[in-house]
Amino acid sequence: MKLTWHCLFISSGTMAVSLINNSDTINVLPSNIIQTMLTLLPMRDAFRTSILSRDWKEHCATIPKLRFDDEVFEGSAYKNLSVKCKLTHVICPILLLHRGPILDFSLCFSELSSCSQIDQIILYLSKSSTVKKFMLCIGVGDDHKLLPSFFMLQHLTCLTLQNCAFQPPSTFCGFSRLTSLHFFNVSITCKVLLHFVANCPLLKQFTLFGDAKHLTGRWNSRFVELFECLPLIEYLHMSACPVRCFATGDMPQKLPTLVDSLTVLHLTELCFVREVELRSALLLVTSSPNIREIVMEMYHDPNEAASQNAMNLLDLQDYSNVNLDHLRELKITNMSNTKPGLDFVKLILAKSPMLKKLRIVVDKQVDMSNEVKMLRDLVQYQRASTKAEIRNGEEGCAAPIPPVTPPWCTGGMSGTGVGEWYGNDPGLLAKHLQPLTYRVTKAMFGKLADKISIVVVKMDDVKHIKHYHSDMVHILPSNIIHTILDLLPMRDAFRTSILSRNWRHHSASIPQLQFDDEMFEGSAYDKLSIKHKLTHVVYPILLLRRGPILKFSLCLSELSSCSLIDQIILYLSKSSTVKKFTLWIEVGDDHKLLPSFFMLQQLTCLNLQNCVFQPPSTFCGFSRLTCLYFHYVSITCEVLLRFLVNCPLLKEFTLTGDEKRLIGRWDSSFVELFECLPLIEYLHMSSYPVQCFAAGDMPQKLPTLLNHLRVLNLAELCFALEVELRSILLLVTSSPNIQEIVMEMYHDPNEAVSQNAMNLLDLQDYSNVNLDHLRELEIRNMSNTKPGLDFVKLILAKAPMLKKVGITVDKQVDMSDEVQMLRDLVQYRRASNKAEIERKEEKWRGNKVNFPSKTFLPNVGGKGRKGKDMIKNKLKKLERFINLHIYPQLTFSYKINKGISHLSFPFSPTQEHENLFFSISFPFFPSNLKNTNKLIFFFSFPFLSFLPPSFPFFSFLTKLENTA
C-alpha cells in the first residue's frame, strides 16, 4: 500500500494531515469490525490508526473505551510534561472531541496526583452518564476526594478506586447496576462502606485493600453483617487489615447463612500464627460450600512466635461436617513451616474431593531443612482427591501488587523460570535441588512420585510477567486477522507477530509482499547493500512463509539489475500463484527478464520499470492480465503488439519510454494499437510512444471508436508540434465515453509553433464530435499558445457534462501572458453551465513530502509608489522577524519590478540540503481586478521538515501574520 503525505498549513493556524490511499486500503472494512479492532487495541495504538484514512479518523473519535495509563504517555514528547499538563493538553482535548458514548474510562498512570482537573473530567463524564466501567488510581500524594458529581454516574457496572476519599452525599442511594467493586487504600468508614454495599444489590466481585490510615472511624461490624450486604458475592479479595476489622467479638466456626455464591477467595498479607487471622480464614473457607479457588498470600515474620491458641485451633475445633466439594485449586505464597499453616493445608486436602492443584510457594526466609520437612509432611497428609497435584515454588512465583495497577492486571506464573522437574524423574530433581540426594528424593515421594510435580521459579529469571485477558487481540477470527495484515504496510504487518503466537503464524502467510523503501527504513539497513537486503531480508521471508503469494512488489530506490532478482522470480514461478507483480529497477542497466518470469500465468496486474521484455517464442501472453504498466521498458513494436493481442482482458495500459527503450522499427499506427486493446478503459502514454504510433497519414477519427475508454493520461506532449497535437485530437475525438483527461505538457519557450499546428483546429471539422460523458479536464504546464487554447476551447464547446477544468500554468510564462490566457479562457463558450475553470499553483517538489502554499490576505493601504514603499517597509520587518525567530545568519534579497515583489534567501542547515530555500512572492494584480488593494503571501516551506520538534510553528505563523 503506497502512502503519500500532504501537510496543509491552513489559514486558521492548524495542521491537517491527510493520507491518500489506493482503492485497496484498509477503510473498506465494515464499521463494526473497525470499532471492535479499536476497542481491543491499546488506546495509544488505536488513536494512531487515525492516519490510515478519513474513515478511521472518524472512528477514532468514537472509541467507547478511553484508558489513560503509562503506555499512553510513553516517549520523549511527554517526558517533561507535568500531570496537570497531561490532563489539560492531552486528556481534556480527547474528551472534548469525542463523539458518541464513553462506556469505559480509566485514569491510571504512575505520577497521577490529586488535582482539580480530575474533578473537571469526572464532571464532564457525569453529564452524559453513560460510563459503565470507571477506574481512578492516584499514584502519589494525598488521597483524592470524590466530589458529588462522581456519584451521578448511575450506569456504573464496574468501579475501581485507589487512594481516594469515598464520602458520598446523604442523598446517595448506591449504584444499582454495580457488579464489580475494587477499593485499594480508599479512605472510608465502616458505616459508609456497609451502607454503600447494601445499596449495590447486584454486586458479585468485591475487593477491599487498606490499612489503619484509610479504614477510618470505628470498625465494630462483623463478617455476618458484611455478607448480609453481599448476597450474590462470587469473588472476594481482602487484605489483612480489613479482615481484622471485621473479626470483632466472638467469631463463630461457620457463618449462620452460608455464602453459597462465593467461588473465588483471595486473601493477602495474612499470618497464620495470629489466631484472629487464622480464625477469619477458616470462617470464610468453611462457610463457602461452592468455593472453587483459594489464593492466600501470607506474611511471615520469623521473629513472631505462633500463639498457643493458633497452634491448637484446628485440633480443638470439629470440622467433620465441612465439605469443599467444588474446590479445584489452592495457592499459598510465602508459606512458612508453622503448624497452623500445615494444619490448614491438611484440612483442605482432607475435605476437597475435586482438588486438582495445590501450589505452595515457600517463603525465602525458610531454610532448606525446614522446607524438606514441610514437604515430607505435605506428602504424608491424607487426600480426598486422588488427582491432587502438589507444586512447590520458591519466593517470587506471584507477582507483587504494583503501586498503581490493581493486582488482577498482573498475571501469575505458569511454569516459567529455571525449569520444571516432575516427580517421575527424581534424578533430574536431585541434580537441581541440592543438597537433596537421589535416596532422599526417593524416600520422600515413594510411590506417589508419578502424581507429584515440582516447579522451581527464581525471581531473578522472571523479567516480564504478562497476563492475556479474554479480550486480547489474539481472539480475532483468522479471516479478520488476514484482512488486517493484507491492508497494513508490510513492515507493520510483520511487526504484529509480537502480539501473540496466532499473529506470528498469520504474519508468515501474508499473501501480499511489498519490498519498498519503507520496508528498509532505519539505521539497521542504512549500511546494507542491495544484494545484502535481497539475501538477508527478502530471501528468508520467502523461504519461511507459508501459503500462496498473491502480490509481489520489489521497488527500492537503489535497486539495480542482479542475478538475485532472477532467483526470486524463479522461486515465485514454481507455485505460479502471483496475481500482481511489480519490479522497478532504479539505477544501472535495464534488467533482462528470464524465461522463468513468463511462467507467471496467473498474473492480472504487471508493473515493470527499466526492464528488457523479450519473451520466448513459445510465450502466448498472460490470458488473465487486466492491468499493464510499462515504464521505460526495452521492447520492440512487434513484440509489444503480439503481447497485447494475447492479453484479451486488458483494461489498463501505460507505456512511457524514449528512443533508447523503444527499439527497432516502429511503423505501426494507432489503428493497429487499438485493435489489440478492444476493452481498454485507462490509457497512459508519454510523448515518444505517441510519436511512434503517429506514423503515416493520421485520420481525424479512428475507424473503430474506443467505446470503453474512460481515462486518458498523456505526458510530456507539446501543442506546438503538429504530430502530437493530431494524436491528442485523434484519441479524444475517438473516445465518446471518456470521463477524464489529464495532460502534462512540455513547454520550450525557444521552440516556435508550426504553422500547421496553429491552424489545425481551424481547418478541420469537429462538428460531429460529442464528449457527452467528460467530467474533468486537467492540463499541467500549459503555455499561452494558440493550439493549446484552441484545444481547451474545443473541449469546453463539446462537453455538456464538464464540471472541472484545472489549468496549471508553466512557470516560464510571465504574468502578462498568463493574464491574457485567463481572459481568453473566460470568454470561450461552454456547453456545460457547471464547468469551473480552476487555476492551480505549481507545488514545490521535495524528495519525500509536498508542502502546498500558505496564504495570508492582509490589507495594503496604497497603490503605485506609495504602495511599493509600504511593501518595502513590511519586507524589512519580515526580514528582522525571521532573523529573530528562525535563523539568525540568513541573507536576504528582494526586488519589486513590474508589479512583482519577491523575497528569497537560502536555508542550508546541512550540506546535503544546500538547494533548499525559503521563498515569498507578492503578486500585484492589474487595477481592473478585485484584489487591487490586497497583498497575497505565498509561503513555500521546504525546510519545515528540518526544524526541531520543539519549534513553536503555530505561534510563529501567528506572529508572522501579525507582522505582515
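Because only heavy atoms are used, hydrogens play no part in the values below, and waters and symmetry mates are left out as well, while side chains stay in.
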Interatomic spacing from [atom1] in [X] to [atom2] in [Y] - rounded to 0.5 Å:
X: Cys229; Y: His195; atom1: SG; atom2: NE2; answer: 10.0 Å
X: Phe227; Y: Leu262; atom1: CZ; atom2: CG; answer: 6.5 Å
X: Cys137; Y: Leu107; atom1: SG; atom2: CG; answer: 8.5 Å

Beyond-backbone contact of [X] with [Y], side-chain heavy atoms, under 4.5 angstrom:
X: Leu236; Y: Val264; value: no
X: Leu136; Y: Cys164; value: yes
X: Val72; Y: Phe109; value: no
X: His182; Y: Phe206; value: no
X: Arg67; Y: Lys65; value: yes

Assess the pair Phe166 and Phe183: is the distance between their ring centroids shorter than 6.0 Å? yes
Using atom types as modelled and distance alone, determine if a side-chain donor or acceptor of [X] lies under 3.5 Å from a backbone N or O of [Y].
X: Arg491; Y: Glu521; answer: yes
X: Asp70; Y: Ser110; answer: yes
X: Ser129; Y: Met152; answer: yes
X: Ser261; Y: Ile233; answer: yes
X: Thr604; Y: Lys579; answer: yes
X: Thr157; Y: Lys132; answer: yes
X: Asn290; Y: Asp260; answer: yes

Using the rule given for side-chain contact (heavy atoms from CB on, under 4.5 Å), can you reason through Phe73 versus Ile91, listing the C-alpha separation, both sets of side-chain angles and the distance that settles it, and then say yes or no? CA-CA 11 Å; Phe73 296 102; Ile91 300 178; 4.1 Å; yes
Ignoring hydrogens and angles, state whether a donor on the side chain of Ser114 or His144 is under 3.5 Å from an acceptor on the partner side chain. yes
Is it true that the side chains of His237 and Thr268 contain a donor and an acceptor less than 3.5 Å apart? yes
Arg775 atom CZ, over 12 foreign heavy atoms within 6.0 Å: yes
Around Asp517, counting heavy atoms of other residues, nucleotides and ligands shown, do more than 12 lie under 6.0 Å from its CG? yes
When you look at Ile102 and Leu125, which way does the side-chain contact (heavy atoms from CB on, under 4.5 Å) test go after all the steps? CA-CA 8 Å; Ile102 300 174; Leu125 296 174; 3.9 Å; yes
Where is the tightest heavy-atom contact between Phe172 and Pro168, given as atom of each residue plus distance? CD2-CB, 3.4 Å
Full working for side-chain contact (heavy atoms from CB on, under 4.5 Å) between Leu230 and Val197: CA-CA 7 Å; Leu230 299 171; Val197 173; 3.1 Å; yes
